2 protein chains.
Amino acid sequence: MNHIKNRIIDAAEKRFSQYGFRRVTMDDIASDLGISKKTLYLHFKSKEDIAWAVKERMHKDIGRLLQKAKKEIPDPIERFKKIIAEVTSRVSIIGSTFMTDIKKDIPDLWRECESFREKEIYKYIGGILEEGVRKGKIRKDIDTKIAVMAYLGAIKMIIQPDILMENQFSIEDAFDNILKIFLEGIQK
Amino acid sequence: MNHIKNRIIDAAEKRFSQYGFRRVTMDDIASDLGISKKTLYLHFKSKEDIAWAVKERMHKDIGRLLQKAKKEIPDPIERFKKIIAEVTSRVSIIGSTFMTDIKKDIPDLWRECESFREKEIYKYIGGILEEGVRKGKIRKDIDTKIAVMAYLGAIKMIIQPDILMENQFSIEDAFDNILKIFLEGIQK
DNA sequence: AACTCTAAAAACTTTTATAGTTTCTTATGA
DNA sequence: TCATAAGAAACTATAAAAGTTTTTAGAGTT
């Protein structure tokens with residue numbers, strides 16, 4: 001079955017998001033899945049390969065999502081909410097160790113990730129906010145790009161497993177709270 | 001002169017904040033300061049030692065700051081502003097690679113950092129917000145701890161050198177924007 | 001101008017981590 | 001019962017980096 005490949009990408013994505021590229025070993029990924037390294041190397045020829053696969057899938061998924069929302073949700077604030085809810089968990093790689101790792105180790109991959117972040121994420125989400133500004137729904141004394149980064153940073157902080165574990169609140173509560181603060185903060 | 005020790009701690013703190021513990025080499029630190037490894041080992045017996053020293057100094061500094069603000073600024077929102085402005089740059093280690101690194105490599109140090117974060121940072125800053133809630137200045141439908149974490153996460157995202165570099169805005173602008181959004185978002 | 005002390009530069013050794021490979025074992029199913 | 005597939009685990013090769021030693025250079029001293 002080919003869908004083992006997807007499970008490998010799942011596991012790798014999780015690990016990479018939390019620990020970066022270097023710190024994650026092939027043994028880690030294998031043992032997460034209860035498979036052997038042998039099987040791992042059956043499906044991917046190297047660790048680098050896995051990183052590329054993770055990136056590919058993530059970017060495809062996010063790209064599709066953004067296109068879909070663009071068509072289906074006209075109100076910028078509603079669109080923002082929707083996208084954030086779905087994209088958030090996938091962008092935990094932004095500004096993480098993973099990026100600093102691959103900057104040195106797989107510079108080609110790094111460049112593609114950077115450009116995707118810049119062009120797709122910031123430009124797109126920032127664009128939504130700007131639309132909100134034009135429509136008079138969002139205050140115009142804030143920089144939309146900074147706002148997006150701030151929001152993503154807030155989410156990133158919360159979804160860290162370590163952080164989540166030692167607190168009593170659920171991730172949904174947290175998302176909710178942050179959205180509340182943020183929406184209230186940016187709206188006119 | 002003993003103040004070379006402080007310069008070493010400075011350099012290490014910077015590196016550790018950005019890259020974590022593992023990724024930073026003794027050569028990195030030495031070359032940042034234009035000194036030799038020999039001199040490094042003259043002042044600290046190991047890399048671990050330096051990490052402890054960084055932690056010690058940081059926690060002392062922050063502790064002093066918090067105590068001082070407690071005495072001198074009665075209004076919770078003003079106090080929050082003041083503390084955030086000064087503490088922010090020092091807590092970039094929270095939720096960073098440094099923490100995940102030392103969790104494995106120097107567990108004792110990790111525990112002390114975690115407990116400091118929990119007891120001093122979140123409890124203290126969260127306490128300010130709760131005071132604000134009691135005084136009716138801050139809305140009570142948000143979890144103060146989540147709010148603090150969100151805020152710190154937002155800052156953390158912004159102050160990353162990589163992120164700062166490729167954007168046109170200054171760090172002061174960014175702080176300003178975030179504070180605006182956040183204060184607007186949490187106030188009644 | 002030779003002398004000394006200090007610290008940088010750089011070469012070196014040793015340890016450790018881990019990517020990738022191989023071998024051995026076990027289970028499944030034809 | 002044999003063949004294939006996959007896990008477990010041992011193994012190898014290599015690279016990175018901690019820590020040490022040696023060499024070089026310069027600033028101040030007699």
Side-chain angles (χ1 to χ4, degrees), chain A residues 1-55 96-110, chain B residues 1-55 96-110:
Chain A
M1 209 179 292
N2 188 309
H3 122 293
I4 177 73
K5 261 193 146 168
N6 270 314
R7 289 183 50 231
I8 294 174
I9 298 177
D10 284 340
E13 185 178 327
K14 249 183 227 151
R15 285 265 177 190
F16 287 159
S17 303
Q18 191 179 358
Y19 300 110
F21 181 70
R22 283 209 187 167
R23 252 209 99 121
V24 175
T25 69
M26 295 299 260
D27 287 295
D28 286 336
I29 298 174
S31 81
D32 279 353
L33 294 165
I35 65 174
S36 73
K37 269 205 289 188
K38 197 183 181 181
T39 313
L40 215 50
Y41 279 99
L42 205 76
H43 294 281
F44 295 93
K45 77 171 212 295
S46 68
K47 191 182 170 188
E48 218 184 286
D49 244 44
I50 299 183
W52 278 97
V54 167
K55 174 257 169 196
S96 72
T97 319
F98 182 78
M99 294 296 282
T100 49
D101 280 351
I102 62 169
K103 185 174 184 178
K104 253 193 187 171
D105 297 343
I106 324 176
D108 285 350
L109 179 58
W110 177 78
Chain B
M1 211 180 290
N2 186 311
H3 121 294
I4 177 71
K5 261 193 144 168
N6 271 314
R7 288 183 50 233
I8 293 173
I9 298 177
D10 285 341
E13 186 177 326
K14 248 181 230 154
R15 285 263 177 191
F16 288 159
S17 304
Q18 192 179 355
Y19 300 110
F21 181 69
R22 283 215 186 162
R23 250 205 105 115
V24 175
T25 69
M26 296 298 260
D27 287 296
D28 286 335
I29 299 174
S31 82
D32 279 352
L33 293 165
I35 66 175
S36 72
K37 270 205 286 189
K38 195 183 181 179
T39 313
L40 216 48
Y41 280 98
L42 205 75
H43 295 281
F44 295 91
K45 79 171 209 294
S46 68
K47 192 181 169 189
E48 217 183 286
D49 244 45
I50 299 183
W52 278 97
V54 167
K55 174 256 169 197
S96 73
T97 318
F98 182 78
M99 293 297 281
T100 49
D101 279 351
I102 62 170
K103 184 174 183 177
K104 250 193 189 174
D105 298 342
I106 324 176
D108 285 350
L109 179 57
W110 178 76

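In what follows, every chain begins at residue 1, and chains take the letters A, B, ... in the order their sequences are listed. Owing to the predicted nature of the structure, the values given are computational and were not obtained by experimental measurement.
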Please tell me if [X] has a side-chain N or O lying less than 4.0 Å from either OP1 or OP2 of [N].
X	N	result
B:Thr25	D:dA17	no
B:Arg22	C:dT16	no
B:Thr39	C:dA8	yes

Is it true that a side-chain atom of [X] and a backbone atom of [Y] form a donor plus acceptor pair closer than 3.5 Å?
X	Y	value
A:Asp101	A:Arg22	yes
B:Thr25	B:Asp28	yes
B:Lys103	B:Phe98	no
B:Lys55	B:Ile50	no

* Structure fact -> Note: for A:Leu40 and A:Lys37 on DNA chain D, the residue whose nearest nucleotide lies more 5' is A:Leu40
Quick check for you: among [options], whose closest atom lies nearest to any side-chain atom of [X]?
X	options	result
B:Lys38	C:dA7, D:dA18, C:dA19	C:dA7
A:Lys47	C:dA19, C:dA8, D:dG7	C:dA19
B:Tyr41	D:dA6, C:dG20, D:dT20	D:dT20

Return the value, rounded to whole Å, for the distance between atom [atom1] of [X] and atom [atom2] of [N].
X	N	atom1	atom2	result
A:Leu33	D:dA6	CG	P	14 Å
B:Met26	C:dA11	CE	P	20 Å
B:Asp105	D:dA17	CG	C1'	13 Å
B:Glu48	D:dA17	CD	P	18 Å
B:Arg7	C:dA7	CZ	P	12 Å
B:Asp32	C:dA9	CG	P	13 Å
A:Ile4	D:dG7	CD1	P	7 Å
B:Ile29	C:dA8	CD1	P	15 Å

* Asked: Does a donor on one side chain sit under 3.5 Å from an acceptor on the other, for B:Thr100 and B:Thr97?
  -> no
